[in-house]
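Since the structure comes first, as structure tokens, the remarks are kept for the end.
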There are 2 protein chains.
Amino acid sequence: MSDNDVMTAARTKTPEPAAAPTDPAAGPAVPARMGLRERKKLKTRVAIRDATYRLIREQGYEATTVEQIAEAAEVSPSTVFRYFPTKEDIVLTDEYDPLLEVELRARPADEPIVESLRHVLRRAVRLGFTEEPEVSRLRTTLMVEVPAVRSRMLESMSVTGRMLCRVIAERTGRDADDLEVRTFSMALIGALTEASAYWAEHDHEDDLGDLVDRTLDMLSAGFRA
Amino acid sequence: MSDNDVMTAARTKTPEPAAAPTDPAAGPAVPARMGLRERKKLKTRVAIRDATYRLIREQGYEATTVEQIAEAAEVSPSTVFRYFPTKEDIVLTDEYDPLLEVELRARPADEPIVESLRHVLRRAVRLGFTEEPEVSRLRTTLMVEVPAVRSRMLESMSVTGRMLCRVIAERTGRDADDLEVRTFSMALIGALTEASAYWAEHDHEDDLGDLVDRTLDMLSAGFRA
DNA sequence: CACCTTTTGACAGTTACTCTCATTTCATGG
DNA sequence: CCATGAAATGAGAGTAACTGTCAAAAGGTG
């Protein structure tokens, strides 16, 4: 998911260096590292994000201006906007949709999509948790408390929804733009996002993995009421 | 729904005058109209909205500034913001959640909620359509094309979701804050919103009522894939 | 008509975000 | 090691969506 809900909980990493071209013939034995340029860019990105998280924790979201963030990250405001299109994106942007898509495709094609999601999300929750539980919590809290952040998060849902459409379409042979495929996908996303909101609203007391499980159970059992 | 998706399609009316207190003992035979003050407020509200729709149709959403809207509606920018908290709200705000809630509660309590929604939404779509088809289309188009509007619309989904939770909770005896109730509701909302998006993206060629039907069919048939 | 309340407009200020341009910083081939 | 080109940065000006304040105007009431 591009950032929202459940995946929101998991991770915050920066994108992989995109496999540096390990030229076998030419270069030295050195693992063909990223150029200094790229390394610096990554550092800047991380610096901005870390500064943002810190400031928000200290003084809240609205009270934290981009100018402050820039100062804390030791860059100019211009640069902040070059790295992140909006303030909300600093908090939310991650690049997990592609990863999630890969993992979903790796599951057996005849497995019900709900079960595929169950496996993949469980793993994501576990990983995100052992790594940076605080970030998961901060994010979901902001999602519940700050309208702008919630909006941006909901926005990202539709991106993830498209991805889900593609996967489902491929499995079922239907079109990714099929009405049923699309509404089905968004129903899943909507439910899972709500599970994350529930988690945050209940002060993260439950185990997110369990909430996801229960949500998927509900979905696969079919709606009642 | 506070504004989003399917309900987006339906209506745009202004809120009912809130049943003027027809004091049977006191006042004159006059139907106890709204005071001049209230009538003026309504007129201003309508003027702002109409001006906004017109300007957006003429020059697009982003190109239309609040200042222009104010001028066209013959009020000051301050007043515009007094009536609508954000620019997106001018386009989106309606007050149909309460109405929808009433109609849902009017359905037999033992009817599956999906069927209740089917009846209520079908009627809403029909009404909204005979009345102001253009507004329905403009809205859904903006929802698909303008990120800010889409965000605001998604935002309103959660409000509608809460309402749905209350209705479902009452019918089933569960708590409105129950995880399953909440995720179930948001799955419904997510699916229906996506149906509206589908409608707009396909240039409103399909019949919205049919799309809603198919979506609800899919939901009640249970997920597959 | 006088008095009080609500609504309005004028205005100043904040902040997110955009654009442009000059400067600096890295990469690369000679 | 340096010259040249490309990319990243910073500075600064500008826009537009809001927010808050205060005084003037309009509506309601005795």
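Naming convention: chains lettered A, B, ... in sequence-line order (proteins, then strands); numbering from 1 in each chain.
- Atom pair A:Glu74:CD and C:dT24:C1' shows a separation of 17 Å (rounding to whole Å applied).
- Taking atom CD on B:Glu71 and atom P on C:dG9, their separation rounds to 13 Å, with Å as the unit.
- A:Arg150 contributes a side-chain N or O that, together with a main-chain N or O of A:Val144, makes up a donor-acceptor pair within less than 3.5 Å.
- Between B:Glu101 and B:Arg105, at least one side-chain N (NZ, or NE/NH1/NH2) sits under 4.0 Å from a carboxylate O, which counts as a salt bridge.
- The separation between A:Gln59 atom CD and C:dT15 atom P is 11 Å, rounded to whole Å.
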* Audit row: B:Thr193, B:Ser196, side-chain hydrogen bond (donor to acceptor under 3.5 Å, both in side chains) steps and yes/no -> CA-CA 5 Å; B:Thr193 303; B:Ser196 299; over 6 Å; no
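- Other residues, nucleotides and ligands place no more than 12 heavy atoms under 6.0 Å from the CZ atom of B:Arg123.
- Using a cutoff of 4.0 Å between basic side-chain nitrogens and carboxylate oxygens, A:Arg122 and A:Asp210 are scored as salt-bridged.
- Applying the 4.0 Å criterion to OP1 and OP2 of D:dA8, one finds that A:Tyr83 has every side-chain N and O outside that range.
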Please tabulate the protein-to-nucleotide N/O contacts below 3.5 Å involving nucleotides 27-30 of chain D, giving atom names and distances.
from: D:dG28; atom 1: OP1; to: B:Leu36; atom 2: N; distance (Å): 2.9
from: D:dG28; atom 1: OP1; to: B:Arg37; atom 2: N; distance (Å): 3.0

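- More than 12 heavy-atom neighbours from other residues, nucleotides or ligands sit within 6.0 angstrom of CD on B:Gln59.
- Of the two residues contacting DNA chain C, namely B:Ser76 and A:Tyr61, the nearest-nucleotide position lying further toward the 5' end is that of B:Ser76.
- Put simply, CD1 on A:Ile48 is 13 Å from P on C:dC17, counting in whole angstrom units.
- For D:dG10, one of the phosphate oxygens OP1 or OP2 lies less than 4.0 angstrom from a side-chain nitrogen or oxygen of A:Thr79.
- In this structure, A:Ile113 and A:Phe184 have side chains that are in contact, with non-hydrogen atoms separated by less than 4.5 Å.
- Following rounding to the nearest Å, B:Arg82 (CZ) and C:dA10 (P) show an atom-to-atom distance of 11 Å.
- If you take NZ of B:Lys41 and P of D:dA26, they are 18 Å apart, rounded to a whole angstrom.
- Counting only heavy atoms from C-beta outward, the side chains of B:Leu121 and B:Leu192 approach each other to under 4.5 Å.
- Atom CD of A:Glu71 has 12 or fewer neighbouring heavy atoms from other residues, nucleotides or ligands inside a 6.0 Å radius.
- C:dT15 atom C1' lies 12 Å from atom CD1 of A:Ile69, rounded to whole Å.
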Identify each atom pair where a protein N or O and an N or O of nucleotides 15-19 of chain D are less than 3.5 Å apart, giving names and distance.
from: D:dA17; atom 1: OP1; to: B:Lys87; atom 2: NZ; distance (Å): 3.4
from: D:dA17; atom 1: OP2; to: B:Val66; atom 2: N; distance (Å): 3.3
from: D:dC18; atom 1: OP2; to: B:Lys87; atom 2: N; distance (Å): 2.8

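- Between A:Lys43 atom NZ and C:dC26 atom P the separation is 11 Å, expressed in whole Å.
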